[in-house]
Amino acid sequence: MGQELLHESDSSIRQQRIQKLADLADKGINPYPYYYNKDAKASELQEKYKDLAAGEETEDTYSVAGRVMVVRNSGMFIDLVDDSGKIQIFSHKENLNPEQIALLKLIDLGDIVGFKGTIRRTPRGELTIKAKDLTLLSKSLRPLPNKHLSEEKIKEIEAKIGKVYKLTDMETKYRQRYIDLIANEEVRDTFRKRSLIIQKIREYLISKGFMEVETPMLHPQAGGANARPFITHHNALDMDMYMRIAPELYLKRLMVGGVSEKIFEINRSFRNEGIDTRHNPEFTMMELYQAYVDYNDMMTLTENLVSTIAQEVLGTMKITYGDKTIDLTPPWDRKTMIGAIQEKTGIDFSNVFTCEDAKVKAQSIGVNAEDCDNWGQVLDHVFEEKVEPGLIQPVHIYDYPRDISPLAKVHRSNDRLTERFETRINGWEVANAFSELTDPIDQRARFEAQALAKANGDEEAMSIDEDFICALEHGMPPTGGLGIGIDRIIMLLTNSPSIRDVIAFPTMRHKD
RNA sequence: GCGCUUGUAGCUCAGCAGGUAGAGCAAUCCCCUUUUAAGGGAUAGGUCACGCGUUCGAAUCGCGUCAAGCGCACCA
């Protein structure tokens, strides 16, 4: 039955295990059964019997199940790992019949097995299930990454038994994340935290009266951000479509509709751009919109949201990232973009009025802004070069140039600026928010400026979205809007150096 | 896209003034065991990423390709 599975190219370990499938079939055992009546998790038992003294036995019977991660003494002792933790299994011939002993011999590292037995604590102090019965639940045909024994690693093993199995090859970790998860406890922790962080964000927003909505991922035209889109094609409609680069314009349509005065969406966006430690082509954004508030309220909301999540997930607002300590305790610093630049460079761009003059000023401090098309772009460029790298602690940089903010409302007291801010943590943009532009006439003018830039070769510029303008023409309430890069927040809260460490299956080049 | 680094057994790595591969763990068999990095003995396992070249001879040198990591560029 396993015959056709045997190929010359197979590794010997895999061949041996496929042979075991045949041995199991001979015994009438299905290596891939349908269910198991698991009634306890490893960590529950560890907690429940934490006061059981070494050497003591009970008659309490449980069924546990998980992956065989360590085998000692020819199978007499097994470390069984489930999603909660580890428990030791003791299998002795006194307690098992010959058929069960025979099955035990066919169990390999990596198999999923269920054990039923009584609770005891060994003289050495390890909580253990004394097995009375065992059930193979899934045969593993491929070997696991194994313990390795450099001096350094031995110390790790001594420090924490859960790290005995290790996989460090980056390519395998990313392409075959399941192996990474099996082998590395800290990776399991990271993805559990990812889930918890997103759950807590939802809970927080819902508790504040926000309604979760969903908007299209397939757009007839790309919009809502300056980015290059992925293009795809719908066959039945015979039309090109664009994977969304931001949900913004659809969420604002919902604000026009008034389904709720507070809405949010947590979902993927796609940008056809480079890949590095902070960018993955598909990434998770949270965007929210709240009627009758402005960008000042969004600043407060941002810091309350992020600090609350940190507190709930990590138990502290002072986080460690690499060798840095970042204090997320609100309130966060707030600096105007012009002020932050002046503070750092001494140049007051509020007194610079033309693009050409701005370029001269930029040049005077060693920033080449020749490619910039307007005053705002120069300002942004200078900011990125001179200010951003030093912004480790959380800070809201506000009042962005109108030139580079086509969806934000003009500043109420300076028409060269908009009521827009970006929040920086560890030098990264983690939030982008504005008093949303609700004036359809102005929005059209902004789109037209974008369309002109696009015509002049700016591949990331927006085009005119007539349908969106039509929506605005029906009237949208004054609204504060906020976008947060969820992956980057997760990186910060899990101390992950690369965005790929917090995305289970990051985008990789095709390989065959 | 450019630069630097990397790609050797299932995993982690060694070998690289060129002589055709090694270790630990994992695996197989045996012994012994209430162990915890269990122990002891024996065995097996590799087109040294791929291709071309230099050479009597290449995992080791050269060129190219592929993949990965990091940095820069691009990009929020």
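Heavy-atom basis, side chains included; hydrogens, waters and symmetry copies ignored. Chain letters run A, B, ... following the sequence lines, proteins first and then strands; every chain starts at 1.
- When only modelled atom types and interatomic distance are considered, D399(A) and Y295(A) share a side-chain donor-acceptor pair under 3.5 Å.
- Listed nucleotides: rG69(B), rC75(B), rU35(B). Nearest to the side chain of E460(A): rC75(B).
- Between rA44(B) and rC52(B), the two P atoms lie 32 Å apart (nearest whole Å).
- Which of rU33(B), rG69(B), rU34(B) sits closest to the side chain of F90(A) comes down to rU34(B).
- Of the nucleotides present, none pairs with rA38(B) by Watson-Crick or G-U wobble criteria with both distances under 3.5 Å.
- A salt bridge does not link R416(A) with D403(A): every distance from a Lys NZ or Arg NE/NH1/NH2 to an Asp or Glu carboxylate oxygen is 4.0 Å or more.
- Between R124(A) and rU35(B) there is a side-chain polar atom (N or O) within less than 4.0 angstrom of OP1 or OP2.
- Of the nucleotides present, none pairs with rA21(B) by Watson-Crick or G-U wobble criteria with both distances under 3.5 Å.
- rG18(B) and rC75(B) have their C1' atoms separated by 46 Å, given to the nearest Å.
- Taking the salt bridge (Lys or Arg N to Asp or Glu O under 4.0 Å) definition, one finds that K139(A) meets it with D108(A), D111(A), sequence neighbours left out.
- Separation of the P atoms belonging to rA59(B) and rA21(B) is 8 Å when rounded to the nearest angstrom.
- Using a cut-off of 4.0 Å between Lys/Arg side-chain N and Asp/Glu carboxylate O, E56(A) and R121(A) are scored as not salt-bridged.
- One P atom belongs to rC4(B), the other to rA17(B), and the distance between them is 22 Å to the nearest Å.
- The shortest distance between the side-chain N/O atoms of K20(A) and the OP1/OP2 oxygens of rU28(B) is below 4.0 Å.
- Contact annotation: R72(A) side-chain N/O to rA38(B) OP1/OP2 distance is under 4.0 Å.
- Salt-bridge check for R177(A) with D180(A): passed, with a basic side-chain N closer than 4.0 Å to an acidic carboxylate O.
- Both H381(A) and K93(A) lie close to RNA chain B; mapped to their nearest nucleotides by heavy-atom distance, the more 5′-ward contact belongs to K93(A).
- The M76(A) side chain lies nearest to rU33(B) when the options are rG10(B), rU33(B), rC74(B).
- Spacing of P atoms, rC16(B) relative to rU6(B), comes out at 14 Å, to the nearest Å.
- Set against rU34(B), rU35(B), rU28(B), the side chain of D108(A) has rU28(B) as its closest nucleotide.
- One finds a side-chain N or O of R175(A) lying less than 4.0 angstrom from the OP1 or OP2 phosphate oxygen of rA68(B).
- When the C1' atom is compared between rA67(B) and rC50(B), the two are found 11 Å apart, to the nearest whole Å.
- Remark: R500(A), M508(A), R509(A) in residues 497-509 of chain A come within less than 4.0 Å of RNA chain B through at least one heavy atom.
- Contact annotation: T122(A) does not reach the phosphate of rU34(B) (side-chain N/O to OP1 or OP2, under 4.0 Å).
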Going through the distances and angles, do H381(A) and F383(A) end up as a ring pair (Phe, Tyr, Trp, His ring centres under 6.0 Å)?
-> CA-CA 5 Å; H381(A) 199 59; F383(A) 177 80; over 10 Å; no
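- If K105(A) and T172(A) are placed on RNA chain B by their nearest nucleotide, the residue sitting closer to the 5' end is T172(A).
- For the 3.5 Å distance criterion, the side chains of H411(A) and T418(A) fail to qualify, holding no donor opposite an acceptor.
- Taking the C1' atoms as reference points, rG64(B) lies 36 Å from rA26(B), given to the whole Å.
- In the model, Y400(A) has a side-chain atom that pairs as donor or acceptor with a side-chain atom of E422(A) under 3.5 Å.
- For rU60(B), there is no paired nucleotide, since no Watson-Crick or G-U wobble pair has both relevant distances below 3.5 Å.
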Show your working on side chain to side chain contact (heavy atoms under 4.5 Å, CB included) between V395(A) and R334(A) and close with a plain yes or no.
-> CA-CA 6 Å; V395(A) 56; R334(A) 300 182 183 194; over 6 Å; no
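- One cannot find a donor-acceptor pair under 3.5 Å joining the base of rU35(B) and the side-chain atoms of N73(A).
- Minimum atom distance to the side chain of P145(A) is reached by rC11(B), of the listed rA27(B), rC11(B), rU36(B).
- Partner assigned to rC70(B) is rG3(B), using Watson-Crick or G-U wobble distances below 3.5 angstrom.
- Taking every side-chain heavy atom of R17(A) into account, rA27(B) is the closest of rC13(B), rA27(B), rU34(B).
- Taking atom P on both nucleotides, rA14(B) is separated from rU8(B) by 10 Å, rounded to a whole Å.
- When Watson-Crick and G-U wobble pairs are counted only if both distances are under 3.5 Å, rA27(B) pairs with rU43(B).
- Across every strand in view, rU65(B) sits in a pair with rA49(B) that passes the Watson-Crick or G-U test at under 3.5 angstrom.
- Under the Watson-Crick or G-U wobble criterion, with both distances below 3.5 Å, rC32(B) has no partner in any strand shown.
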